[in-house]
A.B. asks: 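First the structure, which I've put down as structure tokens, then a few questions once you've had a look.
Note that this is a predicted model, so its numbers are computed, not measured. Letters A, B, ... are given to chains in the order of the sequence lines, protein chains preceding strands, and every chain is numbered from 1.
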2 protein chains.
Amino acid sequence: MEPPASPRRVTIVDVARHAQVSTTAVSKVLRNAYGASPEMRAKVRRAIDELGYRPLAAARGMRGRTYTIGVMLPDIRNPFFPEILDGITGCLEDTDYQVLLGPGCNGEKEELRVTEAMIDRGMDGLVLVAPVSSRDRLDHVASVLPTVVVGRHGHSPVYDTVVADDVAGAALVVEHLAGLGHRRIAHVEHHETDPTRTAEMPNAQRADGYRRAMRSLGLDAEIDVVSTTYTQQGGYLGAKELLARALRPTAVFAGADIVAMGVLEAVGEAGLSVPGDLSVVGYDNTTFAALGPISLTSVDQAGREIGRNAARLLLERIADRGKPSVQVKLSPTLVERRTTARPGA
Amino acid sequence: MEPPASPRRVTIVDVARHAQVSTTAVSKVLRNAYGASPEMRAKVRRAIDELGYRPLAAARGMRGRTYTIGVMLPDIRNPFFPEILDGITGCLEDTDYQVLLGPGCNGEKEELRVTEAMIDRGMDGLVLVAPVSSRDRLDHVASVLPTVVVGRHGHSPVYDTVVADDVAGAALVVEHLAGLGHRRIAHVEHHETDPTRTAEMPNAQRADGYRRAMRSLGLDAEIDVVSTTYTQQGGYLGAKELLARALRPTAVFAGADIVAMGVLEAVGEAGLSVPGDLSVVGYDNTTFAALGPISLTSVDQAGREIGRNAARLLLERIADRGKPSVQVKLSPTLVERRTTARPGA
DNA sequence: GTGAAAGCGCTAACAC
DNA sequence: GTGTTAGCGCTTTCAC
């Protein structure tokens, strides 16, 4: 005989009866709220343990909070995002909050679905990582729920932001390469079509940072940008184009590690060697940049730190929805590996 | 002036009033339940659109379902899991169900926390991917909530399972290598310490499949297994050990792609070439196996198909909790790339 | 086919 | 400091 379907969940009423107190008392203990004596707390705690009681988030959510934080990651496949997530969960693990993630979103439509789903499920707050939705949409979400936006430049009075300084990151790359003696340093960028959003996206900031850094080193004439997408395929095609130039670049700054993978493939096919014939730099310092056979020089964005900040700001905003919005900008660092060297080395 | 905090959500009562019907009617339309005329449905639908109404999952959950499916992934960093997730969401996107993920779990304690959180949040069903919890715990979870376990061998009357045939996958690898002329084929395995769980885990099945395949090819004497962990570091150390043998193997079957990465690194350090001196095969056919500079021969588990099956079984179980449990076993395929060749080629 | 009304488990006023 | 009680937004009997 199977045990007859779930034998009714233990509720706050059971706990109250068992502890011989009111449900209010139990509720107060659960929320660490003011107005319960130490003896009462002890009694209630014991009853909770003895009965194995756990509060039902849905029921709590109907009056108060659900103690749930929603995190939206654009692409679970991008190995940079888990770092951010670790930072968030690490910051939250000693609280009563639980993190739940939306499944991969790769467009505005999916983002809409996921953010709505999270609002409908009574999340207490949201962390949106590199969202592509319009500013209006972000403002709307943030007006409904405490929200922190990660990895997107641009301010808003209703939500906080945490970003890495992409302009500085690009400058690190250019300076590193120039320091090795490179002059013909090309950049493979992700081309954004939407003009209103463009300036807020990291890829645009990286391209901008590249141009600025080249100029300030007096390399204006060597600026060479190929527009593709942040994919392996994009990097492959971009590199093909660069390698076909009459005067080949001696170094390539790929806007993302995955792009660098495509670049490396194209270089290999062309029978050239890295870093002998061409130095290659990526961005994000993802897991595979560190893989032995690849060993890619890359920019590290301190994802953990980004996540930690996002979680902290979110808790602060949940505590005080009216507080002025905060913008945090973190400095990236360069991780030198085996894909960069002196030109012709 | 800021707009005064959220101007109260539209509820079922508002919709009922606007459509001039009862709340019962609205509820029926929402759930596509029996007992509402076509005209009534139309009226209600229109009111819902006009008011921009969306049901609150928490409130629905108090009486009925939350229309939320929880998915637990052990490690978001493993690029194999997104495939499964895609299969799940793909199967569910035309339903009213929404998928939410637990954040990365890397141990029994975290799994406990996440599964409890999901139960407490009123999930309608759970998909547990490669859980490490005890059988008792899995049985308990499944007794509370419709559950499908993915990537773990072993049956249960209370939950359904979906697995790839790891024994067959290992055989594919051995046969491929033997077909190329290899005889000294070594295996780098992940060593499981818990004896009760061991047989259910994919790593054990792969090692077992390796041994069986070697034997059935008459290569009993060449069986050579190194025990480490499914990490890059594990692969690196395992390969070091293998390369130090008096009679080196000519091929290595790494139990996971990430292990193969470590093997490749060790081989490179030893000044040997792949596949010239050593053929290497991975498992999972992850994103980086396909990366140009790596191009790793690997076993593909058809993650999408696994996910699709899991979602289908879960929906069936939600519809009928009493139905007998089902075990689905899918056949993997081998993807040949550039890390395998004839010995000494 | 339709609607009134009773709860689901919890929190928050408000009495005591 | 403690308990009583009225809902939160929805689903679900059960009358009509």
Side-chain angles (χ1 to χ4, degrees), chain A residues 5-45 47-48 51-68 96 116 119-124 144 318, chain B residues 5-44 47-48 51-68 96 119-124 144 318:
Chain A
S6 32
R8 207 178 61 74
R9 217 183 141 100
V10 178
T11 76
I12 204 177
V13 178
D14 301 316
V15 176
R17 194 165 22 224
H18 190 84
Q20 317 228 59
V21 298
S22 72
T23 57
T24 310
V26 180
S27 177
K28 280 180 174 168
V29 173
L30 286 177
R31 292 173 290 120
N32 291 309
Y34 172 83
S37 63
E39 309 87 72
M40 167 142 286
R41 286 186 191 284
K43 251 200 309 192
V44 171
R45 289 252 157 69
I48 287 176
L51 298 178
Y53 166 80
R54 288 200 326 263
L56 194 65
R60 307 184 85 171
M62 300 228 41
R63 300 291 299 197
R65 31 185 68 166
T66 57
Y67 297 91
T68 312
D96 286 333
E116 285 196 337
I119 294 170
D120 297 344
R121 277 153 189 79
M123 302 284 172
D124 293 336
V144 178
I318 288 173
Chain B
S6 34
R8 210 178 58 73
R9 222 182 136 98
V10 178
T11 77
I12 204 177
V13 179
D14 301 316
V15 175
R17 193 165 23 226
H18 190 86
Q20 317 228 56
V21 298
S22 72
T23 58
T24 310
V26 178
S27 176
K28 280 180 175 168
V29 173
L30 286 177
R31 291 172 294 119
N32 291 310
Y34 172 82
S37 61
E39 309 88 70
M40 166 144 287
R41 287 187 190 285
K43 251 200 307 193
V44 172
I48 287 176
L51 298 178
Y53 166 79
R54 286 196 333 258
L56 195 65
R60 306 184 85 170
M62 298 223 45
R63 300 289 297 193
R65 30 185 71 166
T66 57
Y67 297 92
T68 312
D96 286 332
I119 294 170
D120 297 344
R121 276 152 190 81
M123 303 283 173
D124 293 337
V144 178
I318 288 174

A.B. asks: What is the minimum heavy-atom distance between A/T23 and A/I12, and which atoms define it?
C.D. replies: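 Scanning both residues completely, I find the closest heavy atoms to be O-CD1, 3.8 Å.
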
A.B. asks: Where the side chain of A/R45 meets the backbone of A/R41, is there a donor-acceptor pair that is under 3.5 Å apart?
C.D. replies: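 No, A/R45 side chain to A/R41 backbone: no donor-acceptor pair under 3.5 Å.
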
A.B. asks: List the steps, then state whether side chain to side chain donor-acceptor pair (under 3.5 Å) holds for B/R121 with B/T68.
C.D. replies: CA-CA 9 Å; B/R121 276 152 190 81; B/T68 312; over 6 Å; no

A.B. asks: On DNA chain C, compare the nucleotides closest to B/A59 and B/M40; which residue's is nearer the 5' end?
C.D. replies: B/M40

A.B. asks: In the structure I gave you, are the side-chain heavy atoms of B/Y53 and B/L30 within less than 4.5 Å of one another anywhere?
C.D. replies: yes

A.B. asks: Can you check the B/R65 CZ to D/dG9 C1' distance for me, whole Å?
C.D. replies: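 Taking CZ of B/R65 and C1' of D/dG9, I get 18 Å after rounding.
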
A.B. asks: List the steps and the verdict of side-chain contact (heavy atoms from CB on, under 4.5 Å) for A/R9 and A/R54.
C.D. replies: CA-CA 9 Å; A/R9 217 183 141 100; A/R54 288 200 326 263; 3.8 Å; yes

A.B. asks: Tell me the interatomic distance from B/L56, atom CG, to D/dT11, atom P, rounded to whole angstroms.
C.D. replies: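 One finds 10 Å between P of D/dT11 and CG of B/L56, rounded.
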
A.B. asks: Between P on D/dT4 and CD1 on A/I12, what's the gap in Å once rounded to a whole number?
C.D. replies: 14 Å

A.B. asks: Could you tell me the separation between the CG atom of A/D120 and the P atom of D/dG9, rounded to a whole number of Å?
C.D. replies: 13 Å

A.B. asks: Remember a base hit wins even if backbone is also touched, and classify B/S27 as base, sugar-phosphate or nothing at under 4.0 Å, heavy atoms.
C.D. replies: base

A.B. asks: Please classify the nucleic acid contact of A/A33 as base, sugar-phosphate, or nothing, using heavy-atom distances under 4.0 Å.
C.D. replies: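 No contact.
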
A.B. asks: Between which nucleotides of DNA chain C, read 5' to 3', does contact with chain A run, using atoms under 4.0 Å from its heavy atoms?
C.D. replies: C/dG9 to C/dA13

A.B. asks: Enter the inter-axis angle for the ends of the helix from C/dG1-D/dC16 to C/dC16-D/dG1 (five pairs per end, rounded to 10°).
C.D. replies: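 One end axis against the other gives 40°.
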
A.B. asks: Is there a side-chain contact between A/M62 and A/L56 in this structure, where contact means two heavy atoms from C-beta onward sitting under 4.5 Å apart?
C.D. replies: no

A.B. asks: Which pair of heavy atoms, one from B/A19 and one from B/A47, lies closest together, and at what distance?
C.D. replies: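 Closest pair (atom of B/A19, atom of B/A47, distance): CB-CB, 3.7 Å.
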
A.B. asks: It should be established whether A/Y34 places a side-chain nitrogen or oxygen under 4.0 Å from OP1 or OP2 of nucleotide D/dG1.
C.D. replies: yes

A.B. asks: What is the distance from CZ of A/R121 to P of D/dG9, rounded to the nearest Å?
C.D. replies: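 One finds 17 Å between P of D/dG9 and CZ of A/R121, rounded.
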
A.B. asks: Any chance you could measure B/T66, atom OG1, to A/D120, atom CG, to the nearest 0.5 Å?
C.D. replies: 11.5 Å

A.B. asks: With a 4.0 Å cut-off on N to O distance, would you call A/R8 and A/D14 a salt bridge?
C.D. replies: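 Salt bridge: yes.
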
A.B. asks: Do you know the tightest heavy-atom contact between B/R60 and B/P55?
C.D. replies: NH1-CG, 3.5 Å

A.B. asks: Identify which one of A/T24, A/V21, A/V44 satisfies the side-chain contact (heavy atoms from CB on, under 4.5 Å) criterion when paired with A/V29.
C.D. replies: A/V44

A.B. asks: In residues 13-26 of chain B, what residues come within less than 4.0 Å of DNA chain D, judged by heavy atoms?
C.D. replies: B/T24

A.B. asks: CE of A/M62 versus C1' of D/dC10: gap in Å, rounded?
C.D. replies: 7 Å

A.B. asks: Just how far, in rounded Å, is P of D/dT13 from NZ of B/K28?
C.D. replies: 11 Å

A.B. asks: Identify, between A/R54 and B/S37, the residue whose nearest nucleotide on DNA chain C lies closer to the 5' end.
C.D. replies: B/S37

A.B. asks: Which is true for A/A36 with a 4.0 Å heavy-atom rule: it touches a base, it touches only sugar-phosphate, or it touches nothing?
C.D. replies: sugar-phosphate

A.B. asks: Distance check needed: D/dT11 C1' versus B/L30 CG, whole Å only.
C.D. replies: 10 Å

